There are 2 protein chains.
Amino acid sequence: MAALQEKQVQHQECGDCPIRHRAVCARCDTDELVALEQLKYYRSFQAGQTVIWSGDRMDFVASVVSGIATLTQTMEDGRRQMVGLLLPSDFVGRPGRMIASYDVTATTDLVMCCFRRKPFEDMMVKTPHVAQRLLEMTLDELDAAREWMLLLGRKTAREKIASLLAIIARRDASLHLRQPSSQLTVDLPLTREEMADYLGLTLETVSRQISALKRDGVIRLEGKRQIVIPDLRRLLEEAGDDSDGGMLA
Amino acid sequence: MAALQEKQVQHQECGDCPIRHRAVCARCDTDELVALEQLKYYRSFQAGQTVIWSGDRMDFVASVVSGIATLTQTMEDGRRQMVGLLLPSDFVGRPGRMIASYDVTATTDLVMCCFRRKPFEDMMVKTPHVAQRLLEMTLDELDAAREWMLLLGRKTAREKIASLLAIIARRDASLHLRQPSSQLTVDLPLTREEMADYLGLTLETVSRQISALKRDGVIRLEGKRQIVIPDLRRLLEEAGDDSDGGMLA
DNA sequence: AGGCTTCCTTGACGCAGATCAATGGCGGAA
DNA sequence: TTCCGCCATTGATCTGCGTCAAGGAAGCCT
């Protein structure tokens with residue numbers, strides 16, 4: 001039991017590859033770790049670069065090491081909807097599917113930790129923990145997608161903006177283990193247009209609603225890409241969420 | 001190899017429980033089957049009955065045997081968004097999570113095949129095939145959710161209706177292995193209000209757009225709950241989808 | 001039959017957010 | 001420094017869908 005504890009700690013501290021942490025470490029053994037180590041490789045992308053286009057052959061799965069990537073769907077006439085926002089430690093790619101279903105784009109400089117699909121699938125069959133961890137992550141993503149559907153289908157523009165800011169603040173906080181001070185500062189990693197694609201709005205409406213929230217004292221702006229949230233509770237009210245997502249501990 | 005073929009056929013034909021078919025049969029062995037058999041039990045619900053409320057303790061997972069269930073989220077002020085539509089063979093419930101995240105409602109008379117959560121989780125750990133099959137199903141659901149997000153965020157009311165009709169037609173066809181005739185008849189298992197909750201619209205808009213599609217000859221109505229699609233291609237165009245979802249073989 | 005209830009349709013009107021357009025600010029290149 | 005390109009803001013106007021309201025159709029109970 002002590003040995004298991006030790007091994008977990010060691011693995012959690014020992015690397016820069018989130019797949020290892022999230023998909024394996026929870027209940028890994030050495031063989032699995034070694035197998036994963038040998039398979040992985042890194043790819044870097046510049047901000048704005050496309051990782052893969054929808055419909056292209058995708059022969060790898062990956063997790064985000066640093067930076068931010070988005071999944072978007074596009075209609076023939078150019079209407080775009082973001083359907084996934086990948087922050088560090090998030091996984092992308094789908095075992096069992098060759099063809100990408102979405103455009104994957106780096107919105108900031110991006111480093112991904114990749115595994116060629118076939119060997120990863122083989123390894124998944126051999127090591128049930130990976131499949132189980134992946135199932136857990138996928139279920140989390142599904143929950144997030146459903147929360148997102150409520151936002152897209154039923155929330156007002158103002159509520160959508162407040163929700164997005166809360167989501168970013170939450171992920172930011174959990175990523176950096178920030179102290180839960182009553183005032184928090186959040187970097188917006190997205191342009192107004194990207195926020196619009198996330199929320200099913202136009203960039204003008206995004207801009208107007210951010211201005212409105214600022215005017216009403218819900219947020220303050222430091223430059224254009226950094227917001228200060230003086231009262232998180234207030235923001236969550238504006239978002240129309242009944243749950244705080246664990247932010248108000 | 002012949003033996004494997006035979007076993008699969010046998011299992012696919014041998015029962016009324018979709019979990020067994022979808023989660024296990026693809027690569028099952030007898031022990032797993034027996035274990036599942038012993039765990040399962042059935043529950044019936046009347047149309048309109050609530051299976052479980054969001055926030056309640058959910059001590060089972062289940063798959064739909066017959067009838068239709070929906071997952072919906074509700075905001076404090078009553079705005080509702082459907083986030084899942086469960087047809088026969090669909091799975092609901094989440095290993096590893098005690099608390100239901102959505103309201104689950106029977107929209108028609110409903111029979112579910114249930115497994116108590118704890119033993120199902122135990123079994124999942126022991127039999128990797130189940131976890132892998134469940135992962136596959138969850139990834140499919142995630143893809144559907146993302147398609148749904150595009151619909152909610154970017155499509156017009158008319159496109160939303162056309163998309164929904166196409167989705168129902170597709171699932172209907174795959175369920176009943178219908179002949180791909182150029183004209184197909186589809187039963188609408190949802191009220192106008194439920195369609196509105198699915199699409200992020202009001203029931204009045206749903207009604208108006210259905211009337212408009214009828215007026216324009218895209219669909220015909222036989223009664224209020226049955227539609228005839230004279231030209232599927234036309235409907236898919238109206239839906240704004242670039243993919244036909246495999247319907248035009 | 002008559003009168004419920006439930007579901008659906010249609011009309012009139014208003015508003016939230018889209019669209020079109022102009023301007024401002026900032027950072028990088030020369 | 002000046003120019004240029006990108007991003008953001010703000011205003012004016014338009015419009016698709018929501019809201020409110022009034023029936024209609026079909027099924028069920030008495």
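The structure displayed is predicted, hence computed values, not measured ones. A, B, ... follow the sequence lines: proteins, then strands. Residue 1 opens every chain.
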K.L.:
May I ask you to say what Gly200(B) touches in the nucleic acid, namely base, sugar-phosphate or nothing, with a heavy-atom cut-off under 4.0 Å?
P.N.:
sugar-phosphate
K.L.:
To the nearest Å, how far apart are Arg158(A) CZ and dC15(C) C1'?
P.N.:
16 Å
K.L.:
Going by an N to O cut-off under 4.0 Å, is there a salt bridge joining Arg171(B) and Asp90(B)?
P.N.:
yes
K.L.:
Look at Glu238(A) together with Arg234(A) and state whether they make a salt bridge at an N to O cut-off of under 4.0 Å.
P.N.:
yes
K.L.:
Go through dA8(D), dT9(C), dG17(C) for me and flag the one nearest to the Arg192(A) side chain.
P.N.:
dA8(D)
K.L.:
Considering only side-chain heavy atoms of Glu204(B), which listed nucleotide, dA18(C), dG18(D), dT10(C), is closest?
P.N.:
dT10(C)
K.L.:
Return the nearest nucleotide to the side chain of Ala157(B); candidates are dT19(C), dA18(C), dC17(D).
P.N.:
dC17(D)
K.L.:
Taking everything shown except Arg116(A) itself, do over 12 heavy atoms lie less than 6.0 Å from its CZ?
P.N.:
no
K.L.:
Determine, for Phe60(A) and Arg43(A), whether the Lys NZ or Arg CZ falls below 6.0 Å from the six-membered ring centre while staying within 45 degrees of the axis.
P.N.:
yes
K.L.:
Please confirm whether the shortest side-chain N or O distance from Thr205(B) to OP1 or OP2 of dC17(D) is below 4.0 Å.
P.N.:
no
K.L.:
To the side chain of Thr156(B), which of dC17(D), dT9(D), dT9(C) is closest?
P.N.:
dC17(D)
K.L.:
Is the shortest distance from a Lys or Arg side-chain nitrogen in Arg79(B) or Asp197(B) to a carboxylate oxygen in the other one below 4.0 Å?
P.N.:
no
K.L.:
How close or far is atom C1' of dC17(D) from atom CD of Gln209(B), stated in whole angstroms?
P.N.:
9 Å
K.L.:
5'-most contact on DNA chain D: Arg154(A) or Lys224(A), nearest heavy atom basis?
P.N.:
Lys224(A)
K.L.:
Does dT9(C) have OP1 or OP2 under 4.0 Å away from a side-chain N or O of Ser207(B)?
P.N.:
yes
K.L.:
dT19(D) P sits how many Å from Leu203(B) CG, rounded?
P.N.:
10 Å
K.L.:
Find the distance Lys155(A):NZ to dG18(D):P and express it as a whole number of Å.
P.N.:
18 Å
K.L.:
Could you tell me how far apart Arg215(A) (CZ) and dT9(D) (C1') are, to the nearest whole angstrom?
P.N.:
13 Å
K.L.:
In whole angstrom, give the distance that lies between atom CZ of Arg79(A) and atom P of dA18(C).
P.N.:
13 Å
K.L.:
Taking N and O atoms by type only, does the side chain of Arg208(B) place a donor or acceptor under 3.5 Å from a partner on the base of dG18(D)?
P.N.:
no
K.L.:
Is it true that Glu193(B) and Arg80(B) have a side-chain N and a carboxylate O under 4.0 angstrom from each other?
P.N.:
no
K.L.:
Which nucleotide wins on minimum distance to the side chain of Thr191(A), given the candidates dT10(D), dA8(D), dA18(C)?
P.N.:
dA8(D)
K.L.:
Please give, in whole Å, the distance from dC7(D) C1' to Met195(A) CE?
P.N.:
11 Å
K.L.:
Output the single nucleotide from dC7(C), dT10(C), dA8(D) whose closest atom is nearest the side chain of Arg225(B).
P.N.:
dC7(C)
K.L.:
If you look at every strand shown and take non-hydrogen atoms under 4.0 Å, does Leu201(B) touch a base, only sugar-phosphate, or nothing?
P.N.:
sugar-phosphate
K.L.:
Atom CD1 of Ile210(B) and atom P of dT9(C): how far apart are they, to the nearest Å?
P.N.:
6 Å
K.L.:
Counting only side-chain nitrogens and oxygens, does Thr202(A) get under 4.0 Å of the OP1 or OP2 atom of dA18(C)?
P.N.:
yes
